[in-house]
Amino acid sequence: MTARERSGDILLQVEDLHVAYGTAHVVHGVSFTVRAGEFVVMLGRNGAGKTTILQAISGLIPKRAGRVGFAGDDISRASARDIVQAGLIQVLEGHRVFTSLSVEDNLLIGAAARSRTDLKATIEEIYEEFPEIADKRHQQASRLSGGQQQILAVAQGIVADPRLLMLDEPSGGLAPIVVDRILSFAAKLARSGVAVLLVEQLVEKALKHADYGYLLETGAIGGEGWAADLGDSDLIRRIYLGGHEAAP
């Protein structure tokens, strides 16, 4: 890994996070940070605890122990609603949209979480980036394909004016070219100052767009580093292929 340091103020700070489902201890003392304007990816095999970590940060599931700080405030015991109001927005896995509403109404509901003055311009930017939903803006979301619903779910997160946008497996059901467009748009958001925390199974695509990465191994951080360095690292091979990390 390179010796250069990460820049920017720490926006999200997770310290010694533990999460359990009944007697099953799923997350074991996880600590990591996301800085303002940074695109961070969390990688790991299925069942490693990635989604559980995001849901605990968002207040959707209880924490057994640990602290979550956001923008200088302790949100460890905050409600999911208050966390959203603070500007921490999670796009859940599995394209959760309001299927009985139109595409545009789904976007307007997404924006209702926080007030913003540039909503119209933001929606038009999304339509320009993703014409597959622009062409269906007045149709019910139920008439969209699964991939189009996933795009709409990500767009809802964007229009909510996040300070930190957490994306949980946005590639689900999407063609590779559309995944690239979503991740490119996320990188563009990060360059504009919006921090992004991505959980993703498509390792190569995620690392191509991200700045920094954490590797999760059975509920614990197994390593971290610059995204550009992680792609061909022994650490990646160990976690995904069961190989052994070379001695320093």
Side-chain angles (χ1 to χ4, degrees), residues 1 4-21 25-44 48-93 110 113-116 154 156-158 160-170 186-187 189-200 206 209-227 230:
M1 306 301 165
R4 60 195 175 102
E5 295 183 357
R6 296 161 72 186
S7 61
D9 295 332
I10 292 176
L11 182 63
L12 175 71
Q13 185 161 29
V14 178
E15 299 174 325
D16 196 27
L17 178 65
H18 292 257
V19 184
Y21 295 111
H25 197 173
V26 179
V27 177
H28 314 270
V30 163
S31 299
F32 67 94
T33 60
V34 179
R35 295 172 183 267
E38 189 176 46
F39 190 163
V40 173
V41 61
M42 183 172 288
L43 302 170
K50 304 182 299 298
T51 293
T52 297
I53 290 170
L54 295 194
Q55 291 179 339
I57 291 170
S58 296
L60 298 176
I61 59 174
K63 309 164 190 63
R64 172 175 283 188
R67 179 185 181 277
V68 179
F70 182 68
D73 295 324
D74 187 340
I75 62 168
S76 305
R77 294 177 177 81
S79 68
R81 178 183 178 86
D82 288 342
I83 289 171
V84 167
Q85 290 291 338
L88 197 163
I89 306 296
Q90 179 181 355
V91 177
L92 299 170
E93 182 182 9
R114 301 182 72 207
S115 61
R116 60 183 305 162
V154 173
Q156 282 181 318
I158 294 168
D161 196 20
R163 299 178 70 179
L164 170 61
L165 180 64
M166 300 199 302
L167 300 173
D168 189 2
E169 302 280 5
L189 282 176
R191 291 193 297 271
S192 74
V194 178
V196 176
L197 175 57
L198 169 71
V199 160
E200 184 52 73
H209 294 280
D211 301 313
Y212 200 79
Y214 291 93
L215 303 179
L216 203 65
E217 259 186 306
T218 57
I221 299 294
E224 63 182 276
W226 295 103
L230 287 173

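Keep in mind the model is a prediction, meaning the values are calculated, not measured. Reckoned from all heavy atoms, side chains included, excluding hydrogens, waters and symmetry mates.
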List the atom of Gly157, the atom of Pro162, and the distance in Å for their closest heavy-atom pair.
O-CD, 3.4 Å
Where the side chain of Ser58 meets the backbone of Gln55, is there a donor-acceptor pair that is under 3.5 Å apart?
no
Shortest non-hydrogen contact from Lys63 to Ala56?
NZ-O, 2.8 Å
Atom CZ in Arg67, atom CG in Leu17: separation rounded to 0.5 Å?
12.0 Å
Taking the side chain from Arg64 and the backbone from Ala20, do they hold a donor-acceptor pair closer than 3.5 Å?
no
Main-chain N/O of Ile75 paired to Asp73 side chain as donor or acceptor, under 3.5 Å
no
Check whether any side-chain N or O of Tyr214 sits under 3.5 Å from a backbone N or O of Thr33 as a donor-acceptor pair, and report yes or no.
yes
Under 3.5 Å donor-acceptor, Asp211 side chain and Phe39 backbone:
yes
Between Arg6 and Val40, is there a side-chain heavy-atom distance shorter than 4.5 Å?
yes
Side-chain touch Leu92/Leu60, heavy atoms, less than 4.5 angstrom:
yes
Taking all non-hydrogen atoms of both residues, which atom of Val34 and which atom of Ala195 are closest, and how far apart?
CG1-CB, 3.9 Å
Rounded to the nearest 0.5 Å, how far does CG of Leu167 lie from CD1 of Ile89?
11.5 Å
If you define the side chain from C-beta out and look only at heavy atoms, does anything of Ile158 sit under 4.5 Å from Leu165?
yes
So, Lys50 side chain and Leu216 main chain: donor-acceptor pair closer than 3.5 Å or not?
no
With side chains defined as the heavy atoms from C-beta onward, is the minimum distance between Leu54 and Leu197 less than 4.5 Å?
yes
Here the gap from Gln90 atom CD to Asp168 atom CG, rounded to the nearest 0.5 Å, amounts to 6.0 Å
Are Met42 and Phe32 packed together at the side-chain level, in the sense that at least one heavy-atom pair is separated by less than 4.5 angstrom?
yes
pair Leu88-Leu11: side-chain heavy atoms closer than 4.5 Å:
no
Check whether Ser76 reaches the backbone of Val68 with its side chain - one donor and one acceptor, N or O, closer than 3.5 Å.
yes
Within the 4.5 Å heavy-atom criterion, are Tyr21 and Ile61 side-chain neighbours or not?
yes
Testing the basics here: between Gly59 and Ala80, what is the closest heavy-atom pair and its distance to 0.1 Å?
O-CB, 4.0 Å
Separation of Thr51 OG1 from Met166 CE (nearest 0.5 Å):
10.5 Å
If you define the side chain from C-beta out and look only at heavy atoms, does anything of Glu200 sit under 4.5 Å from Pro170?
yes
Could you tell me whether Arg77 atom CZ has more than 12 heavy atoms of other residues or ligands within 6.0 Å of it?
no
For His25, the side chain to side chain donor-acceptor pair (under 3.5 Å) test, sequence neighbours excluded, returns His18
